[in-house]
Amino acid sequence: PHFIVYLPKSQSNICFNIDSEPGKILNLVSDPESGILVNGQLVGAKKPNNGKLSTYFGKLGFYFQKEDTKIEISTKDVTVSHRSRTSVLSWSDTAHVVNQSVLISMKKENAVTITLDKGMSFSVLLHRVWKKHPINVDFLGIYIPPTNNFSPEVHGLIGQFMQEPKIHIFNERPGKDPQKPEASMEVKGQTLTVSRGLQKDYRTDIVFGTDVPCWFVHNNGKGFIDGRYTDYFVPQLYSFLKRP
Amino acid sequence: SLSGESEETMGDVDQVTLYSYKVRSTITSRTATTIIQSKVVNHSPQPQNVVFDVQIPKGAFITNFSMTVDGTTFRSSIREKTVGKALYSQARAKGKTAGLVRSKALDMENFKTEVNVLPGAKVQFELHYQEAKWRKLGSYEHRLYLQPGKLAKHLEVDVWIIEPQGIRFLHVPDTFDGHFDGVPVVSKGQQKAHVSFKPTVEQQRICPSCLETMVDGELVVLYDVDREKKAGELEVFNGYFVHFFAPESLDPIPKNILFVIDVSGSMWGVKMKQTVEAMKTILDDLRAEDQFSVIDFNHNVRNWRNDLVSATKTQVADAKRYIEKIQPSGGTNINEALLRAIFILNEANNLGLLDPNSVSLIILVSDGDPTVGELKLSKIQKNVKQSIQDNISLFSLGMGFDVDYDFLKRLSNENRGIAQRIYGNQDTSSQLKKFYNQVSTPLLRNVQFNYPHPSVTDVTQNSFPNYFGGSEIVVAGKFDPEKLKEIQSIITATSANTELVLETLAQMDDLEDFLSKDKHADPDFTRKLWAYLTINQLLAERSLAPTAATKRKITKTILQMSLEHHIVTPLTAMVIENEAGDERMLADSPPQDHSCCSGALYYGSKVPPDPIPDWANASPTPVVPMPVEGRVLESTPPPHVMRVEND
């Protein structure tokens with residue numbers, strides 16, 4: 001999956017990819033204090049392309065501890081568990097489901113929005129590919145608005161950026177690839193070489209997406225994210241991140 | 001059934017021959033139209049009486065009958081009852097009669113025509129009827145009663161099933177004790193299936209040298225449609241729509257259930273034995289989160305526990321022991337028994353002892369009329385209606401033929417439940433269990449279907465207190481195709497753990513293409529199903545009408561619809577006459593408990609459409625587009641390249 005992190009103070013989009021393997025579960029948001037957890041499980045393409053097997057989010061798990069609600073979103077359906085009871089919704093329906101203070105709005109074959117009372121929301125987009133495509137598989141995208149008020153302790157691959165890191169981008173220069181300029185970026189006490197690139201925001205155009213220019217951090221975001229991406233692997237879909 | 005034998009290969013020649021007996025059923029989206037046709041030749045030297053006697057499911061609507069006797073054709077027309085009788089009395093056909101008679105068999109009635117046929121004459125009968133297929137315990141059951149009465153030179157049964165939603169499974173169980181193994185031929189596609197049953201004369205024989213036919217029973221076709229894709233299926237066509245709703249993947253809602261069992265003297269013997277047997281299975285089936293108790297009544301009312309108790313193994317075992325010891329005797333005090341059950345549930349509710357998300361059910365099992373206490377049925381109805389709370393549904397099971405089934409039906413329909421007849425002459429225990437299994441898994445409460453667009457009209461019952469797993473709620477209505485190209489529906493409901501709103505959009509051309517491709521598909525199915533539902537629900541509402549004026553108004557509507565849609569209902573009769581109009585027969589429906597949509601598990605109510613609840617109207621999180629700050633310094637890959645940055 002590719003990540004786009006918008007940093008409001010720096011007015012910059014920083015992006016990175018995580019190249020891992022199918023089945024791995026990445027922690028995206030871990031906020032034990034507000035009892036909010038978001039994990040994503042990777043699914044692989046049907047087969048490698050140019051020797052490389054692409055991976056995507058195939059399943060997303062949301063756990064709202066205080067509301068005793070778990071929401072598992074897969075490319076097949078959406079399962080809502082509240083206390084000990086479960087309802088399964090299908091992507092073929094347009095549905096709204098509310099229990100206690102969690103509202104789930106599904107738009108048929110398109111998107112799920114999860115809204116909590118406390119001004120917290122998450123959007124998940126469904127990318128449905130042609131079933132017979134030799135390589136591509138259905139996959140999901142997750143969008144977390146910067147307005148979500150997590151606790152200051154929030155972490156995770158995405159959660160950590162709720163506390164915006166200071167960055168300084170300088171010395172823009174032509175890159176090895178003439179079409180892709182480079183620059184140096186100071187962040188978290190390190191200086192990284194970043195490349196100018198394009199990522200996609202699919203919320204307004206689910207097929208072609210909207211180009212989002214950004215500064216791309218290589219090596220699975222090393223230097224930009226705390227630690228290494230492998231630090232964000234969790235064993236279960238609803239495991240909180242164990243932080244050092 | 002036809003008297004006498006037929007031609008060379010099938011017995012002596014001087015009798016009546018059944019030349020062909022053909023049954024063709026087409027089911028298009030749960031709407032079944034069946035045509036039964038038979039051809040007979042009188043080979044005997046003297047006039048013979050020929051009877052055309054077919055069993056049709058109760059609740060089916062006869063729509064057409066024609067008969068050709070020795071070249072003279074008789075056609076049917078649907079008339080208002082008294083008009084029909086008057087026409088008939090003006091020109092009674094000689095040697096010919098027709099009629100609809102109550103059947104002795106389970107849930108069936110007979111259409112019977114008798115004609116006196118001259119030597120050498122040929123007769124052809126053809127009857128059309130339609131019905132809705134109700135989903136029960138996870139499948140639709142189509143039963144065809146085959147009773148040719150004798151060996152037929154051509155015996156052919158064809159069932160075509162066309163389901164735009166997709167056919168999940170289809171099964172033809174053996175109902176002839178293995179005699180016709182391998183004869184039914186099933187071909188099944190994604191959305192269409194065909195079952196043919198065409199035994200040769202030899203295969204029809206009871207034994208190789210016998211002259212009797214083995215074909216005397218039911219051909220049953222079971223099937224279900226694809227469901228995992230979506231909870232509801234909205235089918236729009238020709239100015240009508242039908243909405244099928246049967247969500248599956250929801251956790252059961254806990255139930256508070258009170259069994260109210262008649263143990264009066266008339267229950268003594270097999271009935272009680274079978275009831276106890278069924279109850280033991282039913283109690284074992286309760287879930288841990290359910291609460292229950294048992295009330296047994298005759299002229300006295302007793303309860304196993306004064307309050308509801310959780311269905312733990314211990315409690316269930318104790319309840320079973322209690323039931324086993326019951327000895328039926330004495331009179332029948334239905335009023336007191338029901339008021340006791342209602343009191344227990346109301347009390348528990350008022351004391352906050354019930355799960356707020358639970359469903360409360362009363363299941364009354366009785367085989368007779370009240371003989372002790374309040375005897376006036378309307379008073380009992382009034383007492384029950386006044387004391388029962390809105391969150392309680394009353395289901396009544398009438399055992400045998402002594403019970404006033406109409407009373408039980410009214411009692412249930414006006415208290416959010418339904419009544420069902422339990423036939424004493426069949427395995428009572430399995431009927432009781434089968435009924436219980438239909439209501440044992442409540443999945444949704446307060447289900448309401450809304451069609452907000454003003455040009456949607458004449459919507460059938462659209463509000464239901466419960467939805468039970470394995471069943472299906474069907475709502476239909478009309479719309480103006482000129483004004484509306486697609487229909488929006490909003491279903492609101494409460495599941496075990498959430499409030500639910502389901503929105504569906506459907507347009508006509510979804511089906512147009514599909515139906516046009518199949519010569520068997522009935523393009524009229526939406527209209528037929530809408531009419532079937534509407535008339536059945538009106539018949540039930542008519543029996544609950546609070547005033548004579550209301551009753552008259554409903555009667556008028558039913559009559560008008562019956563005539564418009566050519567349907568034999570309790571208010572119409574079928575006049576069968578020859579072209580000259582000087583020979584007429586009258587097929588009148590018997591006085592019957594025309595239970596609303598026999599087989600339907602729901603008796604809902606009509607409520608005006610509600611808008612989407614506020615909480616569901618919350619516009620999804622505003623899409624804050626990623627800020628696209630200053631353009632990139634250099635040109636980047638053309639935007640159509642579906643690629644993102646990568647290492």
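Proteins get letters first, then strands, A, B, ... in listed order; numbering begins at 1 in each. From a predicted model like this one, the values you see are computed outputs, not experimental measurements.
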In chain order, what residues pass the side chain to side chain contact (heavy atoms under 4.5 Å, CB included) check against B/Ser249, with sequence neighbours excluded? A/Val88
For B/Asp284, give me all partners under side chain to side chain contact (heavy atoms under 4.5 Å, CB included), at least two apart in sequence or on another chain. B/Val316, B/Lys320
Whether the [X] and [Y] side chains hold a donor-acceptor pair (N or O, under 3.5 Å, no angle test) is what I'd like checked.
X: B/Glu503; Y: A/His96; value: yes
X: B/His243; Y: B/Tyr451; value: yes
X: B/Gln191; Y: B/Asp226; value: no

If you count heavy-atom pairs under 4.5 Å with chain B, which of [options] comes out on top?
options: A/Thr86, A/Thr79, A/Asp77; result: A/Thr86
options: A/Ile104, A/Thr147, A/Asp177, A/Asn17; result: A/Asn17
options: A/Asp19, A/Asn219, A/Asn220; result: A/Asn219
options: A/Val102, A/Asn99, A/Val98; result: A/Val98

Can we say B/Glu472 and B/Arg30 salt-bridge, meaning some charged N sits less than 4.0 Å from an Asp/Glu carboxylate O? yes
Is B/Pro252 close to chain A through its backbone or its side chain, or both, or neither, when contacts mean heavy atoms under 4.5 Å? backbone
Which atoms of B/Glu289 come close to chain A, meaning under 4.5 Å heavy atom to heavy atom: side chain ones, backbone ones, both, or neither? side chain
Tell me, side chain or backbone of [X] under 4.5 Å from chain B's heavy atoms, or both, or neither?
X: A/Lys52; value: side chain
X: A/Thr69; value: neither
X: A/His218; value: both

Taking every heavy-atom pair that is under 4.5 Å apart, which of B/Gly232, B/Ala493, B/Pro247, B/Ala496 has the most such pairs with chain A? B/Ala496
Does the separation of the ring centres of A/Phe3 and A/Phe16 fall below 6.0 angstrom? yes
